[in-house]
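This report refers to the structure that appears directly beneath it.
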Amino acid sequence: MKTKEEIIRDEIRSFRQIAFDLCKWGVSVLAALQAAIFLIRKEVYDYLTTHGELDPKLYHYLPWDRYLIGTGALFMVASIFFIFTVILGRRYRFYHQLLEQHAESGLPIPKVRGIGRFLMATLYFTFPALDVAVRLYIRIHFELQLHP
């Protein structure tokens, strides 16, 4: 029969594995969504130019109102993964505190560091942030080419 400490250590190990899997899935989903949004934006731009709503000689990019719809979708998905990560982190810290109370073997207890939680949680928001940053870079670069 397992002791309380062994059971708690197993739970901590499983939560750590779930956190890494969640991180992998979150990044994969956001990268796939970013690729899909790129293709959708291209189709919307083509549609707007063929139907005369945009002049391709004046506008080489999608208008901001249409562009930010995709960024909003990225932000929503990033928020969902962020919330899951926060919930998982709370459960992990709960079992960590429980292990500190029931540690009898003298084995070292892994420390909970704030930087790891911060990096895992904010990793998801790099996708919408980079989406806007790349758009701003392209816009500024395009404007500098037109008006040197």
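No hydrogens, no waters, no symmetry mates; every other heavy atom, side chains included, goes into these values.
Hydrophobic clustering, defined by side-chain heavy atoms of Ile, Leu, Val, Met, Phe, Trp and Tyr closer than 4.5 Å, leaves F20 isolated from every other such residue.
Side-chain contact annotation: R41 with Y67, donor-acceptor N/O pair under 3.5 Å present.
Enclosure of atom CZ in F94 by more than 12 non-hydrogen atoms of other residues, nucleotides or ligands within 6.0 angstrom is indicated. The 12-atom threshold is not exceeded at CH2 of W25, counting heavy atoms of other residues, nucleotides or ligands nearer than 6.0 Å.
At a threshold of 4.5 Å between non-hydrogen side-chain atoms, the residues I7 and H102 do not count as touching. For the pair I8/E5, no side-chain contact is recorded, criterion being any heavy-atom separation below 4.5 Å from C-beta on.
Remark: R16 pairs with Y92 by the side-chain hydrogen bond (donor to acceptor under 3.5 Å, both in side chains) rule, at least two apart or across chains.
By the criterion of side-chain heavy atoms lying less than 4.5 angstrom apart, applied directly or through intervening Ile, Leu, Val, Met, Phe, Trp or Tyr residues, L68 is not grouped with L130; the two fall into different hydrophobic clusters. I69 and L54 sit in two unconnected hydrophobic clusters of ILVMFWY residues. Membership requires side-chain heavy atoms under 4.5 Å apart, directly or through other members.
Ring centers of F82 and Y124: at least 6.0 Å apart, outside the cut-off. Aromatic ring centres of F125 and F75: separated by under 6.0 Å.
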Side chains of residues 26-40: which donor-acceptor pairs under 3.5 Å do they make with residues two or more places apart or in other chains?
from: S28; atom 1: OG; to: K24; atom 2: O; distance (Å): 2.8
from: Q34; atom 1: NE2; to: D131; atom 2: OD1; distance (Å): 3.0

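Panel note: side chain R66, backbone L62; no donor-acceptor pair is recorded below 3.5 Å.
The shortest heavy-atom contact between D10 and R13 is OD1-NH1, 2.7 Å. Closest approach of P128 to T71, counting heavy atoms only: O-CG2, 3.9 Å.
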